[in-house]
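As structure tokens, the structure follows; a few thoughts come after it.
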Amino acid sequence: MDRLTSLTVFGQVVECGGFSAAGRRLNMSTTMVANHIQSLEERLGVRLLNRTTRKVSLTETGKFYYNRSSQILADLEDADQFASSLTSTPRGKLKIYTATAIAPFLVPLVSEFIEQYPSISLQLDIGERMIDMIEEGYDLVIRSTPRDSRLIARKLTPWRHFLVSSPGYRQSHPPILRPADLADHNCLQYSNYAYGATWRFETMTGEQDEVKIDGNFVSNSAQTLRQLAIEGRGIFLAPSFLVFDDLKEGRLVTNMPDYRGIEFSIDVLFPDRNHLPTKVRLFIDLLVERFAEHRKWMI
């Protein structure tokens with residue numbers, strides 16, 4: 001069997017955690033994946049993987065071999081890309097996943113990227129689920145929630161939550177001066193909030209406070225919660241980038257002026273690798289440049 005192909009298959013088995021997942025990633029049968037691993041082990045005269053009915057894991061020798069072979073494959077890919085870039089434009093497919101609330105900010109950027117690099121085809125999937133980007137073959141994930149520790153993250157822009165309501169709601173309900181006051185209010189809860197039903201705040205001097213909230217509506221759709229807040233249905237701890245325009249135009253107002261939400265960031269996530277494909281690097285560079293314009297979200 002071709003040795004480089006076997007090295008590639010071995011790397012995918014390790015990264016995907018199993019033969020079947022690696023086969024799906026490579027569009028190869030599980031039997032063929034197993035044959036490549038067997039060929040490598042026979043050539044080397046050592047066992048690289050421990051196999052059970054539930055998972056595979058690296059042997060001590062396998063760990064060393066994976067680290068060295070991964071670097072070799074990365075160097076070869078980098079050499080190929082460099083040679084190709086001397087005579088051609090970037091090309092290939094770029095697969096991206098992002099959250100619904102972030103998608104509107106990507107549309108002009110995607111349009112710009114496609115115009116600049118017409119040989120790259122781009123797939124942008126949008127949703128709220130927590131994906132396994134390695135298993136599902138995504139090149140990049142753009143999120144505003146805590147990141148997968150297996151991935152590398154590059155910060156695009158910081159942001160905070162704003163405690164918002166409609167002007168009518170604020171006028172007709174008790175004032176909110178401190179987190180404990182939220183016990184008297186209907187809190188519209190985002191189910192993917194990092195701290196669950198405990199909303200966290202800090203004072204302007206950095207002292208932290210939190211409160212367990214309650215309300216009659218929970219959703220994983222931040223846009224739905226935003227709309228309900230505009231309609232006066234309750235208090236929403238909203239991402240600043242989602243309600244920035246609503247606050248400027250008076251559809252929503254802020255509450256609890258002496259407190260602010262915990263700082264988060266929008267990050268672009270990608271697998272831990274030493275050499276990013278050119279198409280991925282170009283898109284990340286454009287993301288960093290364009291999202292620098294959104295520092296206004298930190299007001």
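This is a predicted model, so every value here is computed, not measured. For the numbers below, each heavy atom of this structure counts, side chains included, while hydrogens, waters and symmetry mates do not.
Partners of S121 by side-chain contact (heavy atoms from CB on, under 4.5 Å), not counting sequence neighbours, listed by chain and number: K93. Applying the side-chain hydrogen bond (donor to acceptor under 3.5 Å, both in side chains) criterion to K212, with sequence neighbours excluded, gives no partner residue.
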When you look at T61 and R47, which way does the side-chain contact (heavy atoms from CB on, under 4.5 Å) test go after all the steps?
CA-CA 8 Å; T61 302; R47 179 175 288 276; over 6 Å; no
Could you go through Q227 and Q223, starting from their C-alpha distance and side-chain angles, then the distance that decides it, and tell me whether this counts as side-chain hydrogen bond (donor to acceptor under 3.5 Å, both in side chains)?
CA-CA 6 Å; Q227 186 59 43; Q223 286 286 5; over 6 Å; no
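Between R143 and D267 there is no salt bridge, since none of the side-chain N atoms of the basic residue sits less than 4.0 Å from a carboxylate O of the acidic one. With salt bridges taken as basic N to acidic carboxylate O contacts below 4.0 Å, one links R51 and E41.
For an aromatic pair to be called close, the ring centres must be under 6.0 Å apart, and H161 with F201 fails this.
Taking 4.5 Å as the limit, some side-chain heavy atom of I235 sits within range of a side-chain heavy atom of I176. Side-chain contact check for V268 versus V288: every heavy-atom pair is 4.5 Å or farther apart. Counting heavy atoms from C-beta outward, D246 and I230 have side chains that approach closer than 4.5 Å. At least one side-chain heavy atom of R281 sits less than 4.5 Å from a side-chain heavy atom of D285. For the pair R260/E202, a side-chain contact is recorded, criterion being any heavy-atom separation below 4.5 Å from C-beta on.
Considering CD of Q12 and CZ of R25, their distance stands at 5.0 Å, rounded to 0.5 Å. Here CG of D2 is found 7.5 Å from NE2 of H36. Values are rounded to the nearest 0.5 Å.
Ring geometry for F241 against F105 counts as perpendicular: the plane angle is over 60°, on a 0 to 90° scale with 30° as the lower cut.
Residue pairs satisfying the salt bridge (charged side-chain N to carboxylate O under 4.0 Å, His left out) criterion with at least one member in residues 108-125, sequence neighbours excluded, are listed as follows: E112-R290.
Partner F10 forms a side-chain contact (heavy atoms from CB on, under 4.5 Å) with one of I37, T5, L73, V33 and no other, that one being I37.
Looking at N186, its side chain does come within 3.5 Å of a backbone N or O of R233 through a donor-acceptor pair.
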